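We count ligands from 1, going down the list as the structure has it; atoms in each ligand are counted the same way. Numbers here simply count residues along the sequence, with the first being 1. Treat the numbers as computed from the prediction; the structure is a model and nothing was measured.
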Amino acid sequence: SKGTYPYYMLKEIDEQPNVLRRLVSEYMNEDGSFNFDPKLIEALREADKLYIVAAGTSYHAGLVGKPIIEEVAKIPVEVELASEFGYHMPLLSKKPFFIYLTQSGETADSRQVLVKTNALGYPSLTITNVEASTLSREADYTILLHAGPEIAVASTKAYTAQITIEAMLAKALAVVNNVPGAEDFDLKYQLSLAANGMQTIVDAKADLEQLAHEFFANTRNAFYIGRGIDYWASLEASLKLKEVSYIQAEGFAAGELKHGTISLIENGTPVAAIITDKETASHTRGNVQEVEARGAKTLKIVSEDLAKPGDQIVVPTLDTVLSPLVSIVPTQLLAYYATLQRGYNVDQPRNLAKSVTVE
Ligand code: F6R
């Protein structure tokens, strides 16, 4: 039930710190080992490349999983849209392993790929929130997201839970493979920072309600921009905003705007920049100035270590590859409040169903 919450979406956004803590207690042992099926870990070790297949928000969680797994476990990863991959399968590596990310476990687009990779005899893992769901039953292995039922059509807590599981798999593989530097990736500590950081953000939701009003209450379109990991978070931030508020929102690679799309910037166009990577922060800030010079109204979501006076939203600093765990939370709340301010039903946007069971 919604309890005292007006909408499921808000309840589910607020649940994220607890979901993250639950995942730590489910899967991480005191001695640093993980509660994953040892046969799964062996099968993943034998692979020369991991293929993450998913749709929508789960695809966006997969995009974040790639740099986490590549950086921490040093295993190459491809991330594929299920609705494309099944029909245009690329030349696969010699020993592929397929990871299906799916909150519902019922997405037809993802399932049709699983049916094909099963027929080809490739090993598979489904990471899902729903025990005994179709994709869970049909894959070789399952890891549960333990996020609790996600009822709002817009996915929120499943996204952060999926990123958390990807990080745990990355760390588990790094440990068994003795990847040099694996011990420097202190995942338990990072996840406790993330859970506390999420809590701080959801506790300050009144500020986000105000910012939503200022930036999104009356606009027709909007942009989220970022580079690298912040670009992947921008894609999810813009999907959240557009699917519930009906604002035409684009997530864009910050450096790519000037190659065409910047012509859409007009007086008052809202552009939100996500800045959590110190390698690219100054370049993204440069892109913010470029759009400001063309009249954009800019909103900056910045990690604490990179924050400057005037940045409206500051999120805690995490290991850069994990930063979407916290940078996404204000964008979920901005989408939520903008939708209420515009007078729509945030839990049930038009034209959408919670699980998409047709291809
Ligand atoms: C967006 C959303 C959808 C789903 C997508 C995949 O908020 O909910 O984009 O993420 O339909 O669904 P699952 O994860 O159930 O396979």
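Checked against a 3.5 angstrom limit, the closest N/O atoms of Glu243 and ligand 1 fall inside it. Distances between N or O atoms of Gln162 and those of ligand 1 include no value under 3.5 Å.
Nearest heavy-atom pair across Pro316 and Ser303 is O-CB, 4.2 Å. A pairwise comparison of heavy atoms in Leu193 and Leu318 identifies CB-CD2, 3.6 Å as the closest pair. Across Ala249 and Lys242, no two heavy atoms sit closer than the pair O-NZ, 3.1 Å.
Proximity to Thr102 (heavy-atom distance under 4.0 Å) selects the following atoms of ligand 1: 13 (P), 14 (O), 15 (O), 16 (O).
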Report, one line per pair, each donor and acceptor closer than 3.5 Å where one atom sits in a side chain of residues 263-273; sequence neighbours left out.
residue, atom, partner, partner atom, Å
Ser263, OG, Gly260, O, 3.0
Thr269, OG1, Glu266, N, 2.9
Thr269, OG1, Glu266, O, 3.1

Donor-acceptor pairs are to be reported for all side-chain atoms of residues 18-25 against protein atoms at under 3.5 Å, with residues two or more places apart or in another chain.
residue, atom, partner, partner atom, Å
Asn18, OD1, Arg21, NH1, 3.4
Arg21, NH2, Asn196, OD1, 3.1
Arg22, NH1, His146, O, 2.6
Ser25, OG, Arg22, O, 3.1

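Looking at atom 15 (O) of ligand 1, its nearest protein heavy atom turns out to be Ser104 OG, 2.7 Å. Among protein heavy atoms, atom 4 (C) of ligand 1 sits closest to Thr57 N, 4.0 Å. Summary of contacts: the protein heavy atom closest to atom 6 (C) of ligand 1 is Ala55 O, 3.3 Å. Scanning all protein heavy atoms for the shortest distance to atom 14 (O) of ligand 1 gives Ser58 OG, 2.5 Å. Protein heavy atom at the shortest distance from atom 12 (O) of ligand 1 is Thr107 OG1, 3.4 Å. Nearest protein heavy-atom neighbour of atom 11 (O) of ligand 1: Val356 CG2, 4.1 Å. For atom 8 (O) of ligand 1, the closest non-hydrogen atom of the protein is Val153 O, 3.2 Å.
The shortest heavy-atom distance from Leu352 to ligand 1 is not under 4.0 Å. Remark: distances from the non-hydrogen atoms of Lys240 to ligand 1 include one below 4.0 Å. For the pair Ala154 and ligand 1, a heavy-atom separation below 4.0 Å is found.
Between the NZ atom of Lys157 and the CD atom of Glu150 there is a distance of 6.5 Å, given to the nearest 0.5 Å.
Lys240 and Thr156 form no side-chain donor-acceptor contact under 3.5 Å, judged by distance and modelled atom types alone. Side-chain atoms of Ser58 and Gln162 form a donor-acceptor pair, as typed in the model, at a separation below 3.5 Å.
Using the six-membered ring where Trp is involved, Phe85 and Tyr51 have ring planes that are tilted, between 30° and 60° apart.
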